[in-house]
Amino acid sequence: MNLWILTEERPKKEVLKMIFEYFAKDQNCGFFGDSIRIIPLLYKDKTFSFTYEVIGFKCAKVDRIYIKTVSGSSSFTDFLVFYQDNLPTVKDTPLYAIEETKTDDKESRNTGVYQRCSKFVFIQNYYPKTKLVMLYALQVGQKEKPTETYIFGTRLLLTLGVEILGKKLDPNIFKPFTSIEELRIAKANMRPAPAGNIPIAINIADEDWIQVSGRLFKSGGLSHDPNIGALSIISAVIRKLGFKGKIEIIMHGLEQRHVGKTNKFVQIANVLGIELEGLTLPKATLPEDYWHYETKGEKLGTIFIHLVVENFTESYSIFENHAGCEKGYFVTKDGQHLALEKYADRDAYKAGDKNQIIYIPDLVLLDISETEVITIEGKKYEFKQNGIDELNNYDTFDERYLKVYYPEFKIVRTVVLYGSKNEQIAEIEVGFLLNENGKLVLGIKAPKLFKRAISNLLDYWN
DNA sequence: GCGCTCCATTGTTGACTACA
DNA sequence: TGTAGTCAACAATGGAGCGC
């Protein structure tokens with residue numbers, strides 16, 4: 001059978017390797033292969049099939065390994081792994097749902113721990129039999145002593161049946177909760193919140209009624225992300241431990257007009273049977289499908305060019321700006337990872353000067369043999385002109401990073417597009433177009449790195 | 001333009017440490 | 001043992017992007 005890996009992001013080799021090793025261990029089969037390669041599958045007419053194959057990993061129980069780019073309808077785990085012969089559909093059950101994190105414990109406040117929890121609660125509505133895995137990918141020296149919040153959050157995950165990978169956990173501390181009373185005491189013994197804050201606390205009112213306090217109101221609605229996660233998973237764990245009575249969220253700060261049917265927490269509350277103090281919970285239904293294959297997004301283009309460059313040339317990326325606002329790091333020559341500044345002058349920005357935002361590109365590739373850095377803006381074809389315009393915004397980025405850390409490199413700015421049925425590009429600012437038929441179109445003045453990468457890819461398939 | 005999601009930083013204060 | 005200074009842990013809030 002084949003392994004199918006569905007993801008919203010660019011698949012990273014280190015993470016794939018961890019997934020394969022986990023599979024081999026979980027399925028009790030031998031494997032070998034240390035250096036893997038990600039290959040775009042081309043049809044005979046040299047168009048892209050929108051499927052990648054991973055080579056270099058061998059396992060007795062796996063014929064082929066494929067990667068497809070997808071989009072989640074609501075919150076989506078980073079990877080779904082299917083073990084089957086045919087292309088997965090939403091009706092198939094994934095073997096694993098994997099959430100990858102690079103949050104180290106230095107940042108383990110409420111956000112790092114709780115915000116990810118709601119994904120695991122959410123996916124159980126669709127795939128209750130799928131094994132849930134939390135994967136710690138970036139091992140930058142584990143902190144000696146985990147925080148109480150971190151311990152509490154991890155124990156909640158363990159109780160839900162989530163497996164933790166890539167991290168050593170002391171089994172004496174990190175163990176699933178076995179009773180609701182144990183859960184209540186664990187939270188009650190943590191350090192109290194500052195005065196004026198609403199602490200998360202579990203109150204067993206009577207044998208059919210548990211109250212959990214926690215603020216859910218934020219900036220005009222139900223969008224308090226850390227607590228959406230915390231209260232979801234606490235409630236899910238209370239159910240998992242067998243409680244059938246009333247779970248009531250108190251001190252949430254919401255009014256009736258704030259609770260809409262499309263809100264993620266409202267949906268989870270419907271499924272788990274959670275009530276909100278003083279409010280009527282609207283009947284809400286979940287989006288029908290948990291995911292679909294991505295066919296529109298600009299990332300289809302940038303992920304493609306990135307993978308072709310990294311797998312068919314010696315070059316690699318030194319900066320990657322992820323969708324949303326996940327922290328991206330700028331990589332210096334000696335391998336340092338720098339967190340980028342967001343504003344040229346933070347105070348001026350806060351005072352209302354929006355010009356202080358430092359515009360950052362979607363991707364920066366390093367062409368060592370040509371001594372060029374290639375700054376890439378990704379766009380859908382229909383927004384081609386926006387992409388070209390945005391190329392002018394990177395002066396501050398160049399001054400602060402590229403010219404400082406790669407002074408001898410020539411800076412090339414280019415747009416990478418996805419979409420349309422066009423097979424030519426007139427604009428010299430556009431370096432590459434992947435059209436919706438999978439046609440690979442190089443721009444008139446495409447960076448040499450793109451030409452080399454595409455040429456090597458075509459040679460591979462000849 | 002609003003609502004929602006996601007990833008992130010910020011504010012407040014308890015706890016610890018060094019020192020007199 | 002009292003106190004100033006610093007760090008770290010708790011919850012609150014900021015802000016970008018996307019879909020409608």
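The structure displayed is predicted, hence computed values, not measured ones. Proteins come first, then strands; the chains are lettered A, B, ... in the order of their sequence lines, and each starts at number 1.
Thr47(A) and Lys439(A) form no side-chain donor-acceptor contact under 3.5 Å, judged by distance and modelled atom types alone.
Residue His224(A) places at least one side-chain N or O under 4.0 Å from the OP1 or OP2 atom of dA12(C). Applying the 4.0 Å criterion to OP1 and OP2 of dG3(B), one finds that Asn263(A) has every side-chain N and O outside that range.
For Lys264(A), whose side chain is taken as the heavy atoms from C-beta onward, the closest listed nucleotide among dC6(B), dA11(C), dT13(C) is dC6(B).
Each of Asp92(A), Val90(A), Leu95(A), Leu132(A) was compared with Tyr127(A) under the side chain to side chain contact (heavy atoms under 4.5 Å, CB included) criterion, and only Val90(A) meets it. Considering Leu3(A), Val54(A), Leu41(A), Ile5(A) as possible partners of Tyr66(A), the one that fulfils the side chain to side chain contact (heavy atoms under 4.5 Å, CB included) test is Leu41(A).
Glu8(A) places its CD atom 12 Å from the C1' atom of dC18(C), with the value rounded to the nearest Å. Protein atom CD1 of Ile200(A) is 16 Å distant from nucleotide atom P of dA9(C), rounded to whole Å. Asp78(A) places its CG atom 11 Å from the P atom of dC6(B), with the value rounded to the nearest Å. Remark: C1' of dC18(C) and NZ of Lys299(A) are 11 Å apart, rounded to the nearest angstrom. dG17(C) atom P lies 14 Å from atom CZ of Phe383(A), rounded to whole Å. Atom CG of Asn189(A) and atom P of dA15(B) are 13 Å apart (whole Å). We find that NE2 of His258(A) is positioned 14 Å from P of dC2(B), with the value rounded to whole Å. Look at OH on Tyr150(A): it is 20 Å from C1' on dA11(C), rounded to the nearest Å.
When heavy atoms are screened at a 4.0 angstrom cut-off, Ile228(A) is found touching no nucleic acid atom at all.
You'll find a donor-acceptor pair under 3.5 Å spanning the side chain of Lys218(A) and the base of dG15(C), going by distance alone.
Contact check on Glu182(A) versus Lys175(A) returns no salt bridge, with no Lys/Arg side-chain nitrogen under 4.0 Å from an Asp/Glu carboxylate oxygen.
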